[in-house]
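Data block below; observations after.
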Amino acid sequence: MSNGTALNAARRVPGQIDIWYFVLIEAIIFSSYFITYMLYRVWESPLFLQSQVHLSQNFGALNTVILLVSSWLVAQAVQAAREQKFDAAQKLVMMTMACGVLFIISKIFEWSSKIHQGFEFSTNRFFSFYYFLTGIHVLHVLIGFIFLGVVIYQLRSPQRRSITVIESGAIFWHMVDFLWVIIFALLYVMR
Amino acid sequence: MSAIDKRLALVCLLLTGVTLLSWWLGNSHGSHAFALNAGITCSVILIAALKVRVIVWEFMELNRAPLRMQRIADALLASLIALLLTLYFSGRAA
């Protein structure tokens, strides 16, 4: 066996393979949204730039940092579970969920502020994309709560604990994080 | 704090740092902040790509996954970023 083959044999897929297929499909679906957004952005550049003025860069950056910290917390939770520190792992997953709640509250606050200023889904194409992309992302945060709930359920009882399932829940949450990273760049910051 | 915990904390710090850099780029041009700017767009999209790569490699632990999975992930990310930048620059050239 060559060194390369031996090295590859020592590698393993984190979590269940099914979650990776799911992440792959989600990445392809979101990529198609991002490409469509970029096409319209190119076609209607002045409208998109004028509309972007009304988004809060600070909110976008704050949302990103909240999700990055939540990803860090859930990565630590997986590590704690591997080290058999199940109480610590549970606390870390709950803190991750708290970050998720904070993210959703800040999004609701941001949406209501935009609607109050008169910028709704039907205002123009930029705001249609803004509500669609942020809305579908929040839906994924909510689905992430189900995954994290399963992780907590697994951590609570010695009979149920499966590191693979715990890793899978964390992988879904990280996906929610990296999707937001691209949404932040495209909606809030690019010019 | 274990070596892995330290590494995860460093990764989180790096990601937060580049997020603040993106935020600063978006706010750094005063009254011209919302004019077409290829430099900002290119930097911001490349920073986002770096962040996604780091999240997938370090937090999702693809750095320990089989090489085939790593190559698929890199190819997907590189294709998306290349397509987004090509569309942006083709629009500017038109």
Side-chain angles (χ1 to χ4, degrees), chain A residues 4 7-15 20 23-24 27-28 30-31 34-35 37-39 41-43 45-46 49-50 52-53 57-58 60-62 64-65 68-69 71-76 78-80 82-83 167 170-171 173-175 177-179 181-186 188-191, chain B residues 2 4-5 8-9 11-13 15-16 19-20 22-27 29 32-45 47-49 51-56 58-70 72-73 76-77 79-80 83-85 87-88 90-92 94:
Chain A
L7 190 68
N8 210 25
R11 292 172 178 275
R12 69 171 198 95
V13 177
W20 285 99
V23 168
L24 176 68
I28 291 169
F30 270 86
S31 294
F34 298 148
I35 290 162
Y37 169 83
M38 189 60 97
L39 273 172
R41 173 140 200 148
V42 165
W43 290 331
S45 194
L49 282 166
Q50 283 158 23
Q52 205 178 12
V53 176
Q57 303 277 311
N58 299 349
L62 179 70
T64 311
V65 173
L68 288 174
V69 170
S71 252
W72 173 46
L73 291 169
V74 81
Q76 283 182 287
V78 170
Q79 200 49 42
R82 284 180 187 145
E83 292 166 6
E167 286 172 347
I171 286 167
W173 193 260
H174 295 310
M175 181 196 75
D177 183 17
F178 81 62
L179 290 174
V181 163
I182 304 177
I183 292 172
F184 170 62
L186 296 182
Y188 291 80
V189 202
M190 74 166 279
R191 298 286 178 263
Chain B
S2 72
I4 295 174
D5 287 339
L8 291 173
V11 168
C12 187
L13 270 177
L15 290 168
T16 306
T19 300
L20 294 178
S22 279
W23 170 78
W24 176 79
L25 279 171
N27 282 295
H29 285 64
H32 302 295
F34 290 90
L36 271 178
N37 190 319
I40 289 179
T41 299
C42 210
S43 310
V44 161
I45 290 179
I47 287 173
K51 282 158 75 179
V52 171
R53 175 64 151 67
V54 171
I55 290 168
V56 174
E58 297 293 332
F59 286 162
M60 294 169 93
E61 299 181 316
L62 208 71
N63 54 356
R64 299 180 199 174
L67 295 175
R68 196 172 166 203
M69 273 181 82
Q70 295 180 343
I72 292 171
L76 267 176
L77 180 60
S79 311
L80 174 65
L83 196 50
L84 289 176
L85 288 175
L87 284 172
Y88 178 79
S90 65
R92 279 177 65 88

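These numbers were taken from a predicted model, which means no experiment stands behind them. Convention: sequence-line order gives letters A, B, ...; per-chain numbering from 1. Below, each value reflects all heavy atoms present in this structure, side chains not excepted, and no hydrogens, waters or symmetry copies.
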With a 4.5 Å cut-off on side-chain heavy atoms, are F178(A) and K51(B) touching? no

Note to self: If we ignore hydrogens and angles and just use 3.5 Å, is the side chain of Y188(A) paired with the main-chain N or O of W23(B) as donor and acceptor?
What the structure shows: no

If one checks every heavy atom of A61(A) against chain B at 4.5 Å, the contacting part turns out to be both

### Query
Would you find a donor on one side and an acceptor on the other, under 3.5 Å apart, between the side chain of R12(A) and the backbone of P66(B)?
no

Bottom line for L24(A): the part with an atom under 4.5 Å from chain B's heavy atoms is side chain

Under 4.5 Å to a heavy atom of chain B? For F184(A) that would be side chain

Query - Heavy-atom side-chain proximity of V181(A) to T19(B) below 4.5 angstrom - result: no

If you tally heavy-atom pairs under 4.5 Å between each of I171(A), V53(A), V189(A) and chain B, the highest tally belongs to V53(A)

Honestly, the part of Q79(A) sitting under 4.5 Å from a heavy atom of chain B is side chain

Heavy-atom distance under 4.5 Å between the side chains of Q70(B) and R11(A), does that happen here? yes

Ranked by heavy-atom pairs below 4.5 Å to chain B, first place among L39(A), N58(A), V69(A) goes to N58(A)

Separation between CZ (R41(A)) and CG (L36(B)), nearest 0.5 Å, reads 7.5 Å

Rounded to the nearest 0.5 angstrom, the CG-OG1 distance for L20(B) and T64(A) is 9.5 Å

So, do I40(B) and M190(A) sit near enough that their side-chain heavy atoms are less than 4.5 Å apart? no

From the list I45(B), L84(B), V44(B), the residue making the most non-hydrogen contacts under 4.5 Å with chain A is L84(B)

Bottom line for S31(A): the part with an atom under 4.5 Å from chain B's heavy atoms is both

Taken to the nearest 0.5 Å, the spacing of S90(B) OG from M38(A) CE works out to 9.5 Å

Cut-off 4.5 Å, heavy atoms of chain A, and the answer for L76(B) is side chain

Residues G91(B) and V42(A): closest non-hydrogen pair is CA-CG1, 3.1 Å

Q | Side chains of L68(A) and I55(B) in contact at under 4.5 Å (non-hydrogen atoms) | A | yes

Answer key: most heavy-atom pairs under 4.5 Å with chain B among Q76(A), R82(A), Q50(A) is R82(A)

So, the part of L83(B) with a heavy atom under 4.5 Å from chain A: the answer is side chain

So, the part of M69(B) with a heavy atom under 4.5 Å from chain A: the answer is side chain

Q | Contact check, side chains of L62(B) and W20(A), non-hydrogen atoms, under 4.5 Å | A | yes

d(W72(A) CH2, L13(B) CG) to nearest 0.5 Å is 7.5 Å

Problem - Beyond-backbone contact of S2(B) with E83(A), side-chain heavy atoms, under 4.5 angstrom - result: yes

Rounding to 0.5 Å, atoms CG (L80(B)) and CZ (F34(A)) come to a distance of 7.0 Å

Next on the checklist: Is the shortest side-chain heavy-atom distance between V56(B) and H174(A) below 4.5 Å?
Outcome noted: no

The interface call for V23(A) against chain B, heavy-atom contacts under 4.5 Å, is side chain

Okay, A9(B) and chain A: the region with an atom under 4.5 Å from a heavy atom over there is both

